[in-house]
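Take a look at the structure set out below.
Start at 1 and go down the list; that is how both ligands and their atoms are numbered.
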Amino acid sequence: MFASIENIDQLNDFEVQFLSKKSEIGQISKNLKTCSPEEKREIGQALASFRDEFTEAFAKKKALLETEMLNKRLLEETIDVTQQFPLEKGTLHPISHVQREVERIFTSMGFEIADGPEIESEWHNFDALNIPASHPARDMQDTFWISKKSDTSHENFVLRTQTSDVQIRKMKEHGAPIRLIAPGRVFRNEDVDATHDAVFYQVEGLLIDTNISLAHLKGTIETMLSQLFARETTVRLRPGYFPFVEPGFEVDFSCALCGGQGCKTCKNSGWIEFMGAGMVHPNVLRNCDIDPTKFSGFAFGFGLTRLAMMKYGIDDIRLLSSQKIEFLSQF
Ligand code: FA5
C-alpha cells in the first residue's frame, strides 16, 4: 500500500487521504449511525482492524523514510579528513635564518644565548657602558626616548640603541667568567635608505675570563665567519673608538664572495666592514661589580640585518621589513 511513497510529505498526505474525516473511511464512519446494530458491529470491527493495520504500516514506513533521510544527510555532510589541499608553506625570514646559524656556531663554541628588554633604562643603554650624559658618543646613536608618565620615576628609558645593554645586565646577574651572545632588535632615529634602517638587528658578544687577549677575539670571529660563509675567512682589526672598550677596533673580514680578490660587494677592496669590538673597558667591569685586576675579556657587536644582506646578496635593507611575499618566499 505504501510502496510508491517516497518521502514524509507524501506519507502525511496519504494518511489524510485514508483516515481524515473527508476520506472514504471517514465518510463510512460518519454514516455508521444510520446502520443497524449488526451492520454497525460488523463494519465498526472492519474499520477498527483497518485503522490498526494502517497505523502499524504507517509507523513502519515513517521509520524507514526517516532512516533513509538521515543516511542521505550523513552522506551529504561527510567531510573527508584525508583530503589534501594545496597549502602555501611558510618560510623563515632571512634574518631568522642567519640568527639561527650564528647561534648554532656560537653555542658550539660554548657561548650562551642571552636576551634583554627592548625598552631599556638610560643607565644600561649608556651610563654603565661608560657613555655618560655629556659624552659625544651619544650623538652617534640618535635615540628614541620614552616620555615619562610621572615625575616620580628617577630613571629615563629609551628604545635600546644597541644590544650592548645585555652585557651589563648579564655581568651584573652572573659576574665572571661569562661567555654569551645576545641577538636582538635595536632602534635609532635614522634616515632610512638602502643600507640604514631605524629598526634593525644586532648581535652582541661578550667573553670575560682570565688571560683573555685580542687573539681570542680574532680567532672567535674568524671561526664564526668561516663557518657561516662555508669558506676560509680572515679578519683584520683597525683602530676604532667605542667608549666601552679599550683598546677598541673596527673589524673587517675578507670578502666572502671574491675571497679577497676584489668585487662589487667589497667595492674592489677585498674587505668588508663588519663590526665594532675591543677589550671591555675596566670602568664597565667595575660598573658590573667585576674586578678588572682579576678578569678581562672582549666584546663585539655586529649588525645581523647587514649580515643577512651580505649572506643573501640583498641590496636594499628595506626589503627585509617590507613583508613582500614574493621577496620572503625565496628563503
Ligand atoms: C654599536 O652599536 C656597538 N654597540 C658595537 C660594539 C659592541 C662595539 C661591543 C664594541 C664592543 P655601531 O653603532 O657601529 O656599534 O653598530 C654596530 C653594527 O650595527 C654596525 O656595524 C652595522 O652593521 C649595524 N648598524 C648600525 N646602524 C645601522 C642601521 N641604521 N641600519 C642597519 N644596521 C646598522
Side-chain angles (χ1 to χ4, degrees), residues 94-95 98-99 102 111 114 116 120 124-131 135-144 158-171 178-208 212 214 216-218 220-221 225 228 235 237-253 265 271-285 288 296-311 314-321:
I95 295 179
V98 179
Q99 179 175 335
V102 166
F111 284 71
E120 184 54 285
H124 285 96
N125 195 82
F126 290 125
D127 299 81
L129 286 160
N130 213 21
I131 320 176
H135 201 289
R138 284 207 185 188
D139 297 342
M140 290 159 70
Q141 301 184 358
D142 201 348
T143 306
F144 294 111
V158 299
L159 291 184
R160 69 171 174 194
T161 57
Q162 50 188 344
T163 41
S164 302
D165 63 323
V166 185
Q167 281 188 39
I168 304 298
R169 288 186 168 271
K170 298 301 163 187
M171 281 195 282
I178 191 166
R179 195 187 299 199
L180 61 85
I181 60 160
R185 197 157 55 152
V186 301
F187 309 81
R188 292 183 194 175
N189 188 12
E190 295 264 7
D191 285 335
V192 175
D193 61 24
T195 53
H196 295 84
D197 212 338
V199 180
F200 56 97
Y201 287 79
Q202 286 188 338
V203 176
E204 188 77 8
L206 174 73
L207 188 152
I208 305 289
I212 299 299
L214 280 174
H216 294 112
L217 166 69
K218 196 165 178 284
T220 303
I221 300 305
L225 290 170
L228 190 75
V235 151
L237 308 182
R238 290 178 285 116
Y241 179 67
F242 300 92
F244 33 96
V245 287
E246 179 58 38
F249 300 93
E250 295 285 349
V251 180
D252 306 332
F253 66 84
T265 305
W271 293 97
I272 290 188
E273 285 181 26
F274 181 47
M275 66 172 190
M279 300 305 284
V280 178
H281 197 291
N283 286 351
V284 175
L285 294 176
C288 301
S296 64
F298 61 77
F300 58 83
F302 61 83
L304 188 65
T305 309
R306 294 246 179 101
L307 188 60
M309 290 172 74
M310 253 178 275
K311 183 155 164 69
I314 299 164
D315 56 9
D316 194 325
I317 200 168
R318 290 165 289 201
L319 281 169
L320 289 163
S321 52

Would you mind checking which non-hydrogen protein atom is closest to atom 22 (C) of ligand 1, with the distance to 0.1 Å? Arg306 NH1, 3.4 Å
Do Asp252 and Arg238 have side chains that get closer than 4.5 Å, going by heavy atoms? yes
Assess Phe298 for proximity to ligand 1: is some non-hydrogen atom of it under 4.0 Å away? no
Classify the ring geometry of Phe253 against Phe274: parallel below 30°, tilted from 30° to 60°, perpendicular beyond 60°. perpendicular
Below a 4.0 angstrom heavy-atom separation, can you tell me which part of Ala277, side chain or backbone, both or neither, approaches ligand 1? backbone
Could you check whether Gln202 and Gln162, counting side-chain N and O atoms only, form a donor-acceptor pair closer than 3.5 Å? no
For ligand 1, which is the ligand I care about here, please tell me if Thr161 has any N or O atom under 3.5 Å from one of the ligand's N or O atoms. no
Distance from atom 15 (O) of ligand 1 to nearest protein heavy atom, with residue and atom: Phe242 CE2, 3.6 Å
One finds that the ligand 1 atoms under 4.0 Å from a non-hydrogen atom of Gly301 are 5 (C), 6 (C), 7 (C), 9 (C), 17 (C)
Is there a donor-acceptor contact under 3.5 Å from the side chain of Lys311 to the main chain of Leu228? yes
Just to be sure I'm reading this right: ignoring hydrogens, which of Phe302, Phe187, Phe274 gets closest to atom 21 (O) of ligand 1? Compare them by their nearest heavy atoms. Phe274
Distance under 4.0 Å to a non-hydrogen atom of Gly303: what atoms of ligand 1 satisfy this? 18 (C), 19 (O), 23 (O), 24 (C)
With a 4.5 Å cut-off on side-chain heavy atoms, are Lys170 and Leu206 touching? no
Measure from the side-chain N and O atoms of Asn130 to the backbone N and O of Val284, and report whether any donor-acceptor pair falls under 3.5 Å. no
Which atoms of ligand 1 are found less than 4.0 Å from any heavy atom of Ser164? 4 (N), 7 (C)
Do Gln167 and ligand 1 have an N or O pair less than 3.5 Å apart? no
Would Gln162 count as a polar contact of ligand 1, with the cut-off being nitrogen or oxygen pairs under 3.5 Å? yes
Provide, to 0.1 Å, the distance between atom 27 (N) of ligand 1 and the closest protein heavy atom, together with that atom's residue and name. Phe200 CZ, 3.4 Å
Name the option, out of Gln202, Met310, Met279, that contains the heavy atom nearest to atom 16 (O) of ligand 1. Gln202
Would you mind telling me which of Asn125, Thr143, Asn189, Asp142 makes a side chain to side chain donor-acceptor pair (under 3.5 Å) with Thr161? Asn125
Aromatic rings Phe302 and Phe300: how do their planes relate, parallel, tilted or perpendicular, breaks at 30° and 60°? parallel
Distance-only, no hydrogens or angles: does the Arg160 side chain make a donor-acceptor pair with backbone N or O of Arg185 under 3.5 Å? yes
The protein heavy atom nearest to atom 30 (N) of ligand 1 is Asp197 O, 2.9 Å
Return each pair, listed once, that meets salt bridge (Lys or Arg N to Asp or Glu O under 4.0 Å) where at least one residue sits in residues 187-198; pairs must be two or more places apart or across chains. none
Which of the ligand 1 atoms, numbered from 1, are nearer than 4.0 Å to a heavy atom of Glu204: 7 (C), 9 (C)
Counting non-hydrogen protein atoms only, what is the nearest one to atom 13 (O) of ligand 1? Give residue, atom name and distance. Arg188 NH1, 2.9 Å
Taking only non-hydrogen atoms of Ile317, do any sit less than 4.0 angstrom from ligand 1? yes
At a non-hydrogen distance cut-off of under 4.0 Å, which region of His196 contacts ligand 1 (side chain, backbone, both, or neither)? both
Any side-chain heavy atom of Leu214 within less than 4.5 Å of one from Phe249? yes
